[in-house]
Amino acid sequence: MFRLIDCRLARLACIFSTTILLQSLAWPCSNGERGFSYPQSPKVPSIVSERYRTAYHFQPPRNWMNDPCGMNTSGANTCINKKEKKLHLILPFIKISGPMYYNGVYHEFYQYNPDGAFDPNDSLMNMVWGHSVSTDLINWIGLEPAIKPDIPSDICGCWTGSATILFGVQPVIIYTGLIDRKANQVQNIALPKNRSDPYLREWAKVGSNPVIQHVIPGLNSSHFRDPTTGWIGPDGLWRIAVGAEVNGIGTALLYKSEDFMSWTRIERPLYSNNALNMWECLDFFAVVPGSNNGLDMSSEIPSGAKHVLKVSINSCDMYIVGVYDLKRDEFVPDTVQDDNRLWTRIDYGTFYASKSFFDSKHGRRVIWAWSNETDSYSDDIAKGWAGIHSIPRTIWLDGDGKQLIQWPVEEIESLRINEINHQGLELKKGDLFEIKGIDTLQADVEIDFEPTSIDDAETFDPSWLFDPRKQCREADASVHGGIGPFGLVILASDNMEEHTAVHFRVYKSEQKYIILMCSDLRRSSLRPGLYTPAYGGFFEFDLENEKRISLRTLIDRSAVESFGSGGRICITARVYPVALVDDDGAHMYAFNNGSTTVRVPQLRAWSMKRAQVNVMKGGSVIDA
Ligand code: DQQ
């Protein structure tokens with residue numbers, strides 16, 4: 001696949017052993033080629049430990065999982081012709097009204113391999129849609145897979161897509177089917193068999209599949225996938241976008257339909273840009289700058305709203321803010337950088353194929369993503385599971401209309417116990433303050449840092465923007481600075497041989513301050529050969545007025561999700577400390593290594609309880 005400079009560490013793991021395994025299973029679709037690449041460690045001696053398994057992140061009880069395939073999102077009023085034998089959806093003439101919440105249940109669909117903890121995309125094997133339900137986004141009940149490859153238009157795999165609830169009552173899944181060994185792709189539809197089943201357990205594919213064929217001039221038909229959630233245009237027609245590579249260029253193809261069943265391509269794409277090739281897992285949504293109220297794409301979009309186009313490529317989720325020109329049915333970016341290394345990221349760590357939905361229960365937009373294992377393929381097999389989803393996050397646009405803000409959904413706070421609270425701490429250069437009294441392996445930490453002076457900020461070099469990870473490596477937590485580095489050291493062994501550092505460093509750039517946030521994994525594990533990058537990203541900060549730089553870090557064993565400056569910048573990381581396996585416990589510290597003293601006006605931290613994540617299957621407990 002195509003890689004960015006700072007996303008370059010490809011998955012080198014165990015192609016040889018994977019091929020043998022896949023050949024022995026003799027799946028008819030196997031072409032022996034890897035479908036995807038993502039950062040993972042090369043072969044290293046495996047450690048089998050239940051202690052890396054997360055306690056409150058979403059994951060199936062076992063096996064491989066990747067992309068979230070979409071939660072049910074709302075539409076509005078409906079008009080269903082009950083006389084039709086096959087459920088046939090017809091155009092509504094009713095004015096669309098308010099947001100809806102489907103029977104009080106969240107549905108999470110996800111890419112899942114029922115055959116083991118290996119990636120079935122490697123050889124176009126049996127990828128199905130896993131399915132779980134929840135009433136709070138935190139505790140989940142596992143159900144049977146919603147869709148499996150069993151028709152000619154998905155026989156080599158049911159890949160990613162989206163769920164839409166038409167007019168508030170009719171859920172529809174639209175997804176990519178792989179039709180042959182060359183990974184040619186088409187789009188299919190499935191409907192619930194029984195809409196009055198609160199869990200929507202069973203799904204049926206429509207007889208007219210595929211509803212969208214791969215016949216478009218210049219299309220690379222093995223790069224034509226991941227349809228978005230549908231939205232309604234001013235003409236009352238449904239629209240979806242499908243990611244594609246057309247004449248070698250990344251394109252968001254736009255389709256419209258009266259009935260969500262038969263689709264016509266609009267010749268002009270929603271957007272295309274030759275800075276990137278194939279776009280996976282497109283997401284397109286509306287936001288009002290400065291408001292954390294979410295918008296339902298099928299409701300009236302208020303004036304002043306912006307639209308966001310998110311694309312996934314090369315293990316990075318990037319986004320562009322712009323406007324949706326309704327006359328031309330086109331997304332027009334406010335600004336777009338020619339060099340895609342400068343595109344803003346949803347998250348600067350291990351966070352891919354994100355999908356957002358409008359949560360009508362709380363009037364917010366929620367996003368989450370796949371966070372792959374970054375230990376090795378042999379570890380996946382040894383553990384018997386691979387892949388988690390990030391904590392669902394509320395997502396909105398900052399008042400300046402440029403930067404998305406994300407914050408863990410408030411429901412996660414129901415897992416907090418044993419609060420500790422410190423106020424008025426002061427960290428001088430070289431200080432380490434140990435945070436005690438909580439479970440440091442399962443924790444939620446919120447800390448504010450306030451530099452006592454802004455005079456010593458070092459000078460910012462704009463060329464660093466091209467490679468923040470390099471800056472995190474070179475100006476790491478041990479390198480003294482003017483303002484910073486300060487932050488948290490987590491999952492630290494007794495002698496600090498193992499630790500993960502999440503920290504900030506403040507720079508001055510002409511009129512403004514620029515902050516570098518890093519999540520440095522290079523010393524996160526004593527295991528040799530693991531993929532342990534120093535993730536990082538920059539953001540602008542009004543230090544003179546805002547004064548406090550906040551950090552929230554959710555630690556969940558092998559998952560570390562960090563939110564800088566109230567969610568302006570996010571970094572998800574996967575870590576595999578030996579100390580965690582050995583049950584030696586782990587230490588957590590706040591630190592400062594800059595010459596400017598930093599006040600900590602507030603530090604709050606909690607242990608996090610275990611959530612009930614897919615330990616119940618359809619109502620009965622299953623072995624996790
Ligand atoms: N994963 C799916 C594809 C998608 C990719 C296959 C992104 O549909 O493009 O599992 O991770």
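Order of listing sets the numbers, starting from 1, for every ligand and every atom in it.
Applying the 4.0 Å criterion to heavy atoms of D67 picks out, from ligand 1, the atoms 1 (N), 2 (C), 3 (C), 4 (C), 5 (C), 7 (C), 11 (O). Heavy-atom proximity to M127, at under 4.0 Å, picks out these atoms of ligand 1: 10 (O). Against a heavy-atom cut-off of under 4.0 Å, T160 is close to the following atoms of ligand 1: 2 (C), 3 (C), 8 (O). Atoms of ligand 1 found under 4.0 Å from any heavy atom of Q111 (numbered from 1 in listed order, with element): 2 (C), 6 (C), 10 (O). Remark: ligand 1 atoms within the under-4.0 Å shell around heavy atoms of Y352 are 7 (C), 11 (O).
Checked by distance only, ligand 1 and R225 come closer than 3.5 Å through their nitrogen or oxygen atoms.
K256 and D329 are not joined by a salt bridge, as no carboxylate oxygen comes within less than 4.0 angstrom of a charged side-chain nitrogen. Under 4.0 Å is where a charged nitrogen must lie from a carboxylate oxygen, and between R225 and E280 at least one such pair does.
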Please test D317 against S312 for side-chain hydrogen bond (donor to acceptor under 3.5 Å, both in side chains), starting from the C-alpha separation and ending with a verdict.
CA-CA 4 Å; D317 276 17; S312 298; 2.7 Å; yes
Kindly determine whether D283 and Y319 satisfy side-chain hydrogen bond (donor to acceptor under 3.5 Å, both in side chains), including the steps that lead there.
CA-CA 9 Å; D283 199 12; Y319 67 90; over 6 Å; no
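With sequence neighbours left out, the ring-ring contact (aromatic ring centres under 6.0 Å, His included) criterion links F284 to W231, H307, Y324, F331.
Nearest to atom 3 (C) of ligand 1 by heavy atom, out of D226, T176, N113, is D226.
Evaluated for a side chain to side chain donor-acceptor pair (under 3.5 Å) with W159, the options N188, D154, N121 yield exactly one hit, N121.
When non-hydrogen atoms are compared, ligand 1 lies under 4.0 Å from the side chain of N66 (C-beta onward) but not from its backbone. Under 4.0 Å from ligand 1, the heavy atoms of N121 that appear belong solely to its side chain.
Contact annotation: the side chain of H57 never approaches that of S371 to less than 4.5 Å [non-hydrogen atoms, C-beta and beyond].
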